[in-house]
Amino acid sequence: MSAEIVVVPHTHWDREWYEPFQRFRLRLVALLDEVLETMEREPGYHFTLDGQLACVDDYLEVRPENRGRVAALVESGRLAVGPWQILLDEFLCSGENIVRNLELGMSRAEQLGGAMPVGYLPDMFGHTAQMPQILHKAGLRHACVYRGVPSSVTTDAFAWVAPDGTALRTQYLPVGGYGNGAHLFAEGGDLGSRAEAFVQTMREWHGPEGPLLAMYGTDHSAPVRGLPEMVAAIGARMDTLSGYIGQYSGEVEGLPRVVGELRSHARANILPGVISVRAHLKQAMGRAERMVERYAEPLATLWGAQWPGRFLDMAWWRLVDASGHDSVTGCGVDETALQVAARIAEAEHLGQAVRDMVTARLAETVPSDAVLVVNPTPAPRRAVVVVDVAGTSPLADAHGEPLPTQPLEYAPTLLLDQEMDPETALSMVHGTELFGRHITGWSIDDGVLTFRVARESTSVFDVEELRADARDIHHVRILAETRRLVATMVEVPPLGHTTVRPRPRQESSSPRTPGGHVAACWLRSDVAPLPVRGDLEVLDNGLIRVLIAGDGTLTLIGEDGTKITGAGRIVEGGDVGDTYNYAPPASDWIVSEPESVKTELIYLGPLVAVVEIRRTYRWPAEGVVVHDTPEVPPGSRSLRTERTVVTTRVELRAGERYVRLKIDFDNRCTDHRVRLHIPMAEPATKSYAEGQFAVVTRGRNPEGGCGEIPLPTYPASSWVAAGHVAALLEHVTEYELVDGDLALTLLRSVGYLSRNCNRLRPEPAGPQLPTPAAQARGHHSVSLALMPYGTSWREVVPEAETYRHDLLLVPGRAHPVLPLPAPACGLSVTGDGVVMTSLRERDGWRELRVVAMSPHPTEALISGNLSQARYADLRGRPGASLQVVDGSVRLPLRAWEISTLQIRQL
């Protein structure tokens with residue numbers, strides 16, 4: 001049996017799960033103390049530290065004096081660390097988050113002696129389609145997986161092929177996953193017999209020749225003293241995972257091929273309910289990732305002064321930490337979810353701070369009566385924005401040309417009018433500030449003190465000058481400047497900015513093409529969008545027509561005649577599952593019809609039309625508990641109901657091919673699921689969903705086999721399309737094609753981390769611990785957009801880009817007499833199906849990442865006064881130079897290719 005078994009001692013370390021992070025860390029420190037002591041005492045001992053640097057970082061924060069001991073073992077090749085920073089959930093974070101995770105882990109592992117050169121993915125709940133390309137472009141030639149592998153794989157290695165054609169040799173962990181050898185050295189029984197049985201089982205997967213991989217470890221396990229002797233006793237050898245896999249060249253010829261994502265239930269549970277539980281975590285993650293990826297980093301790269309690298313690094317640390325497969329998933333205890341939410345919030349706050357620092361710098365040249373408009377997308381934008389401006393004058397752009405406008409609301413001008421003694425009146429003044437505004441003037445008339453205030457003021461005010469004249473006042477009045485919310489249509493250069501001002505200019509405030517820069521990457525269109533017309537029954541902007549039915553549902557008619565009837569139906573039903581798996585009660589009660597419907601016209605056009613629909617439902621309050629035993633899933637739902645009002649704000653803007661929806665309700669019920677149904681224009685057997693650097697095609701019958709019921713519920717990141725209707729999303733959302741509808745999960749409320757008895761899963765997925773916060777009581781709000789489309793989902797890609805990345809508005813900060821600055825372009829990225837995913841500073845270069853969201857080869861055109869350009873890999877290591885012509889670069893892309901390049905601009 002000498003060369004037949006390679007034993008890989010390891011631990012699978014869930015950083016936070018059924019206990020919060022710090023409690024698990026205490027156990028981690030004890031485990032690694034023992035690992036170091038054992039490895040130093042027993043030279044033959046090898047250990048694989050779960051493929052994530054977080055274990056090392058968490059340990060060394062407590063034991064910094066042991067850094068040298070860890071590094072020595074890594075350098076010797078006996079302790080394998082990395083390549084990940086943390087073992088993520090691949091579907092609940094962005095593609096860019098995956099890249100930064102790998103980048104952090106490999107970089108930090110190299111500081112200790114080197115990263116394990118294997119994309120180790122032992123316990124993720126399925127795997128994304130582009131993972132082979134991501135790993136390959138980071139320099140890795142092997143992957144190792146457990147969950148999600150289809151039944152077509154009958155060997156312990158296969159070729160995993162990304163949508164672009166990148167194929168990676170992938171080690172499969174059959175028959176027990178990352179613990180397939182955990183039983184080998186258990187106490188009792190005959191060691192040799194267990195080894196022979198292991199060989200017999202694994203030979204069926206591996207074939208008649210070559211060593212067999214025995215993963216000796218499990219969740220939070222510690223090493224066994226004397227293991228090298230026991231390994232030798234069965235004629236096996238000990239190694240790290242990379243030591244075992246390193247015997248293979250990485251060639252995939254002759255191996256079974258699996259293309260795209262791995263989400264089969266055939267050989268292991270993939271626990272798909274984590275996509276929809278604790279929806280607030282998914283919403284927060286989506287917001288924070290967009291803030292850092294698409295606002296903070298690109299704006300700081302193009303328009304910042306000093307690169308705020310440390311702030312952005314801290315944001316990424318928190319985003320990566322939150323992406324753990326027991327973290328953002330929400331399948332931990334409530335204390336864990338609280339900590340994850342705080343981590344995500346900090347990442348968003350760091351991104352906001354960087355964004356605001358950069359835009360404040362830009363606003364220093366914008367007069368205080370004007371508004372700076374910033375475009376976070378790399379294509380020119382003509383879009384509706386809502387600005388808060390003073391006065392009633394018409395709006396004009398940076399060239400003095402009038403803009404189409406629609407007044408929406410006027411702020412009150414009388415802020416205070418009451419009897420008041422002098423001391424109280426003067427105590428309200430803080431410098432020049434009064435009631436959150438600045439004093440522009442004051443007067444006293446017959447004992448009445450009148451302050452005039454505005455948001456900005458250039459007036460000099462000293463309260464002491466007023467004090468001498470305030471003895472006889474008995475009444476105070478505060479009058480504010482006239483301010484209004486105005487919708488207007490603006491044009492903004494790609495990744496650039498322009499301005500809007502509430503008064504016409506007598507002449508253009510800036511040359512039309514300053515330095516030729518704007519002309520090179522921004523061409524104004526002479527075709528204006530059609531106006532929006534709206535009433536209580538119809539909203540129409542010439543691109544999409546929305547009809548509002550008496551039951552509160554919508555009929556959507558696209559420009560090409562594509563018709564969707566009955567969109568927006570709310571369907572509520574029971575859910576007696578847990579944080580891992582949805583499960584309906586044995587006797588369910590589905591509520592889909594409202595008791596009453598009320599509509600209100602908010603705005604009627606011509607730039608924005610809004611109707612608010614309020615539907616009242618009676619939802620069952622809870623499940624019926626059997627024999628007062630809450631651990632047993634309820635078999636039915638209570639007759640007691642909660643009155644729930646679901647408010648849907650339906651908004652249509654000029655120039656947009658989609659209708660925006662904002663859905664709000666107060667969840668007072670438990671153990672239930674709420675979904676939004678959108679009928680398809682025609683029956684569909686396939687859906688198309690944007691994921692991590694790819695669009696994935698999915699059928700309606702996922703593969704089963706291990707026991708978990710294979711429900712056809714799937715994740716979508718920024719959009720999902722089927723049957724000629726698309727939903728544009730702000731965060732990862734669970735969807736299903738059911739009864740001719742596209743159903744989106746708005747809320748899933750459950751009370752246990754894992755139920756021992758789950759109708760759709762034969763075994764527990766974790767401990768049966770109560771999670772009352774996972775019932776998600778309280779206010780719930782979801783924003784999305786619906787779009788009919790014609791022949792292909794490719795029509796959806798640019799629309800999702802604009803929906804998810806609204807223009808940014810910033811009040812001016814300069815003196816109001818100054819002229820408006822010229823519009824400015826930052827960087828233009830165009831091409832059929834080309835999407836920008838990242839732009840940042842790195843080592844004196846501007847690093848841009850794009851992906852071809854296209855099933856066919858395409859080309860990206862990058863423009864913006866470029867002087868140099870070169871390829872780079874996903875770790876930022878430079879490659880071949882690219883030719884720059886007239887300040888632009890043409891970048892050929894394979895279908896679904898992820899490409900990184902580094903540029904310099906004049």
Side-chain angles (χ1 to χ4, degrees), residues 299 303 305 355-375 385-415 429-443 450-463 465-466 477-493 496-512 514 518 807-824:
L299 295 182
W303 305 110
R355 175 203 65 184
D356 293 347
M357 177 182 68
V358 175
T359 56
R361 178 174 178 267
L362 293 174
E364 289 175 355
T365 63
V366 177
S368 59
D369 62 343
V371 176
L372 174 74
V373 185
V374 182
N375 180 7
V385 294
V386 176
V387 296
D388 180 353
V389 293
T392 59
S393 300
L395 297 184
D397 66 11
H399 309 290
E401 299 177 2
L403 294 170
T405 58
Q406 176 189 343
L408 302 178
E409 298 176 14
Y410 286 87
T413 54
L414 182 60
L415 305 184
V429 179
H430 304 281
T432 64
E433 187 270 331
L434 178 64
F435 270 42
R437 295 166 174 80
H438 294 276
I439 298 170
T440 61
W442 59 272
S443 62
T450 301
F451 286 107
R452 292 177 178 80
V453 296
R455 179 168 297 179
E456 301 289 340
S457 175
T458 57
S459 303
V460 177
F461 174 77
D462 186 350
V463 71
E465 294 182 6
L466 173 58
R477 181 179 292 122
I478 302 176
L479 299 178
E481 65 179 341
T482 300
R483 295 200 71 86
R484 56 188 173 138
L485 283 179
V486 182
T488 187
M489 178 77 71
V490 296
E491 294 182 79
V492 198
H497 53 84
T498 189
T499 48
V500 174
R501 200 172 200 171
R503 61 173 182 256
R505 303 293 290 167
Q506 298 302 315
E507 57 185 4
S508 178
S509 60
S510 61
R512 190 63 172 162
V518 171
L807 299 177
L808 184 62
L809 305 178
V810 186
R813 304 178 64 182
H815 196 284
V817 301
L818 293 176
L820 294 179

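What you see is a predicted model; the values in this text were computed from it and never measured. Residue numbers count from 1 along this sequence.
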Are [X] and [Y] packed together at the side-chain level, in the sense that at least one heavy-atom pair is separated by less than 4.5 angstrom?
X: Val453; Y: Leu479; value: no
X: Ser368; Y: Pro816; value: yes
X: Thr392; Y: Thr482; value: yes
X: His399; Y: Pro823; value: yes
X: Thr359; Y: Leu808; value: yes
X: Arg483; Y: Arg455; value: yes
X: Leu299; Y: Val374; value: yes
X: Val373; Y: Leu809; value: yes

### Query
Taking NZ, NE, NH1 and NH2 as the nitrogens, is one of them in Arg501 or Asp397 under 4.0 Å from a carboxylate oxygen of the other?
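Salt bridge flag = no for Asp397 with Arg501.
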
Counting N and O atoms only, with roles assigned by atom type, does the side chain of [X] sit under 3.5 Å from a partner on the main chain of [Y], one being a donor and the other an acceptor?
X: Arg484; Y: Gly391; value: yes
X: His815; Y: Val817; value: yes
X: Ser457; Y: Ile439; value: yes
X: Thr440; Y: Arg452; value: yes

If I take atom [atom1] from residue [X] and atom [atom2] from residue [Y], how far apart are they, to the nearest 0.5 angstrom?
X: Leu434; Y: Trp442; atom1: CG; atom2: CH2; answer: 13.5 Å
X: Asn375; Y: Leu807; atom1: CG; atom2: CG; answer: 5.5 Å
X: Asp369; Y: Glu481; atom1: CG; atom2: CD; answer: 10.0 Å

### Worked verdict on Leu395 versus Val387 for side chain to side chain contact (heavy atoms under 4.5 Å, CB included)
CA-CA 10 Å; Leu395 297 184; Val387 296; 4.0 Å; yes

Least distance between heavy atoms, [X] atom then [Y] atom:
X: Leu362; Y: Thr365; result: O-OG1, 3.1 Å
X: Gly496; Y: Trp303; result: CA-CZ2, 4.0 Å
X: Pro367; Y: Pro821; result: CD-CD, 4.3 Å
X: Ala822; Y: His497; result: O-CE1, 4.4 Å
X: Phe435; Y: Leu415; result: CE2-O, 3.8 Å
X: Ala370; Y: Leu820; result: CB-CD2, 3.6 Å

### Query
Hey, which of Leu408, Val371, Leu485 is the one that makes side chain to side chain contact (heavy atoms under 4.5 Å, CB included) with Asp388?
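Testing each of Leu408, Val371, Leu485 against Asp388, the sole residue satisfying side chain to side chain contact (heavy atoms under 4.5 Å, CB included) is Leu485.
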
### Query
side chain to side chain contact (heavy atoms under 4.5 Å, CB included) between Val385 and Met489: does it pass, once the steps are laid out?
CA-CA 6 Å; Val385 294; Met489 178 77 71; over 6 Å; no

### Query
Can Val386 and Val486 be said to form a side chain to side chain contact (heavy atoms under 4.5 Å, CB included), step by step?
CA-CA 5 Å; Val386 176; Val486 182; over 6 Å; no

